[in-house]
Number of protein chains: 2
Amino acid sequence: MNAAPGSPAPSERVLVAQFGVARMTVRQALDALVVEGLLERIPGRGTFVAQPRSVAGRITSFTEDMRRRGLLPESQTLTARREQAGTGVARALDISPGDCVIHWRRLRRADLQVMCLEDAYLNEVLLPGFLESGMPTSLYDALAARGLRPTWAEDAVSADHATQEEADHLELRPGDAVMRVARRAVCRDKVVEVSRSVFRADRFTMHVQLGAG
Amino acid sequence: MNAAPGSPAPSERVLVAQFGVARMTVRQALDALVVEGLLERIPGRGTFVAQPRSVAGRITSFTEDMRRRGLLPESQTLTARREQAGTGVARALDISPGDCVIHWRRLRRADLQVMCLEDAYLNEVLLPGFLESGMPTSLYDALAARGLRPTWAEDAVSADHATQEEADHLELRPGDAVMRVARRAVCRDKVVEVSRSVFRADRFTMHVQLGAG
DNA sequence: CAGTGGTCTAGACCACCGA
DNA sequence: CGGTGGTCTAGACCACTGT
């Protein structure tokens, strides 16, 4: 059970007594929670559970994104196999053309409605046994479990018309509006994911928060 | 003159001696610079000037965005007048319906090519005499000059087909692909800008950087 | 080894808030 | 007024780095 936003945390001096520790130590611990946005200090009043602030520019996966909207995310794997990287994918993944990559194509739904067709390319070397371990629902959860959650990502977002193939998968007519998102996700100087997603424009609006909250 | 990235900062104990202050105090001062990304600590080695990290999700205006791509941004004002806020704009600007707003419609070009049609709504109260002072090229420069540069912004990005009116301005045919961006920009709890932009999909790709560099 | 940052102690004084 | 967070002191020990 999480405490409700706005509810007071124990005062620093109370924690000092409770844990038999110096106040500077308590403050450093609280500071960490404050910079994480979990607590909020108000001078002269106390320390409180912060309003959940939408983290500026947080890197979200489709799964997290849909959940935050209160929708149920689902994935249907269309392709999951080893391939040799082409020149474009190789450059984006920072490997050599012909190197082994994992190609994972999924049709993604939210509340049973088709939302997005996604082609993800992963660096095989960083994810040994990934294909054999059973495909997870959330790629980012799987990466996190391996200590590879992206710390930085770059999206190229554009609008376009659906191709015939995309229309077939997304239950659209060719030429209908779609949003394309090309992502390059990095974890500590290692490119862990390169993906191209095609979203149904009528069902998806991307929300981007910029700057410091 | 700024110090070069990677150059060492004085050690904490040196600063203690130099300023006759406690080490905890020095550390707190340095901590502030570290969270700002100006310094980097390396245990056992020292404190160094950090590599300038690309600020995650920096709020950019059209002008800045185009310049960074090496294109020459231009704006043609189609409308610039006082209006009474409708309910939607009023809510977004955090004012009351009927309050006075500045409506600024511009056709925006990059290297002489039509790129975007933008409707910006500004809070009159925050920008006295704005319309009379001659319209700037960059709205964000003008806001910055008044100490109102946005510190936080939220974009809703979607793909769509151009309406007849949009097509006329953007030199498209109705139904061609466009990207819509609805922005709400905030400076210190004051909503300073609400805008809707329509970009030609064939000429514009939005780049978004997420996470900490 | 000497020097670095990381962490911790046990106090202290201040400005601010609410009753 | 008492309680809060904000800041500061003058030490201490640790793990780590480079030579």
Side-chain angles (χ1 to χ4, degrees), chain A residues 1-56 144 146-152 186-190 211-213, chain B residues 1-56 94 147 151-152 186-190 211-213:
Chain A
M1 183 60 190
N2 294 330
S7 53
S11 87
E12 298 178 356
R13 286 163 177 90
V14 165
L15 292 170
V16 164
Q18 211 161 72
F19 293 98
V21 87
R23 187 152 85 103
M24 287 296 293
T25 312
V26 169
R27 298 202 94 246
Q28 283 185 10
L30 293 179
D31 277 339
L33 299 177
V34 169
V35 300
E36 278 183 49
L38 299 175
L39 291 181
E40 183 186 6
R41 294 184 199 276
I42 304 182
R45 304 234 299 120
T47 305
F48 304 86
V49 177
Q51 299 292 338
R53 66 170 175 191
S54 49
V55 180
R146 289 170 166 78
L148 289 174
R149 199 186 205 291
T151 53
W152 188 87
V186 174
C187 176
R188 295 191 305 268
D189 300 338
K190 299 283 185 189
Chain B
M1 183 59 191
N2 295 331
S7 53
S11 88
E12 298 179 355
R13 286 163 176 91
V14 165
L15 292 170
V16 165
Q18 211 161 71
F19 293 97
V21 89
R23 186 151 86 101
M24 286 296 295
T25 311
V26 169
R27 298 202 94 245
Q28 284 186 9
L30 293 180
D31 277 338
L33 299 178
V34 168
V35 300
E36 278 183 49
L38 299 175
L39 292 181
E40 183 185 6
R41 294 185 200 275
I42 304 182
R45 303 234 301 117
T47 304
F48 303 86
V49 177
Q51 299 291 338
R53 63 176 173 188
S54 57
V55 180
D94 201 17
T151 53
W152 188 87
V186 174
C187 176
R188 295 190 304 267
D189 300 337
K190 298 285 185 189

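Note on naming: letters A, B, ... go to the chains in the order of the sequence lines (proteins, then strands), and numbering restarts at 1 for each one.
- Which of C:dG5, D:dG6, C:dG18 sits closest to the side chain of A:Arg41 comes down to D:dG6.
- No N or O donor and acceptor, one from the side chain of B:Arg27 and one from the base of C:dT7, sit under 3.5 Å apart.
- Mapping B:Pro43 and B:Arg23 onto DNA chain D via the closest heavy atom, the residue that lands nearer the 5' end is B:Arg23.
- What separates CD of B:Glu12 from C1' of C:dT7 is a distance of 11 Å, to the nearest Å.
- No side-chain heavy atom of A:Arg27 sits less than 4.5 Å from a side-chain heavy atom of A:Leu30.
- At whole-Å resolution of the value, CG in B:Leu15 and P in C:dT4 are 10 Å apart.
- Take the nearest nucleotide of DNA chain C for A:Ile42 and for A:Ala22: the residue whose nucleotide is more 5' is A:Ala22.
- The shortest distance between side-chain heavy atoms of B:Thr151 and B:Lys190 does not fall below 4.5 Å.
- Residues A:Phe19 and A:Val26 are not in side-chain contact: their nearest non-hydrogen atoms beyond the backbone lie 4.5 Å or more apart.
- Of the residues near DNA chain C, B:Met24 and B:Ser11, the one whose nearest nucleotide (by heavy atom distance) lies more toward the 5' end is B:Ser11.
- Residue A:Ala9 comes nearest to A:Leu39 through the heavy atom pair CB-CD2, 4.5 Å, listed as atom of the first residue, atom of the second, then distance.
- Residue A:Leu30 contributes atom CG, which lies 14 Å from atom P of D:dT7 at whole-angstrom precision.
- Under 4.0 angstrom from either OP1 or OP2 of D:dG18 there lies at least one side-chain N or O belonging to B:Arg45.
- Distances shorter than 4.0 Å separate some side-chain N or O of A:Thr25 from OP1 or OP2 on C:dT9.
- With D:dA10, D:dC8, D:dC13 as the choices, the nucleotide that has an atom nearest any side-chain atom of B:Arg13 turns out to be D:dC13.
- Across the protein-nucleic acid pair, A:Asp31 atom CG and D:dC8 atom P stand 13 Å apart, rounded to whole Å.
- Computed from coordinates, the A:Phe48 CZ to C:dG18 P distance equals 9 Å when rounded to whole Å.
- For the pair B:Glu40 and B:Arg45, the salt-bridge criterion is not met [side-chain N within less than 4.0 Å of a carboxylate O].
- Distances shorter than 4.0 Å separate none of the side-chain N or O atoms of A:Thr47 from OP1 or OP2 on D:dT4.
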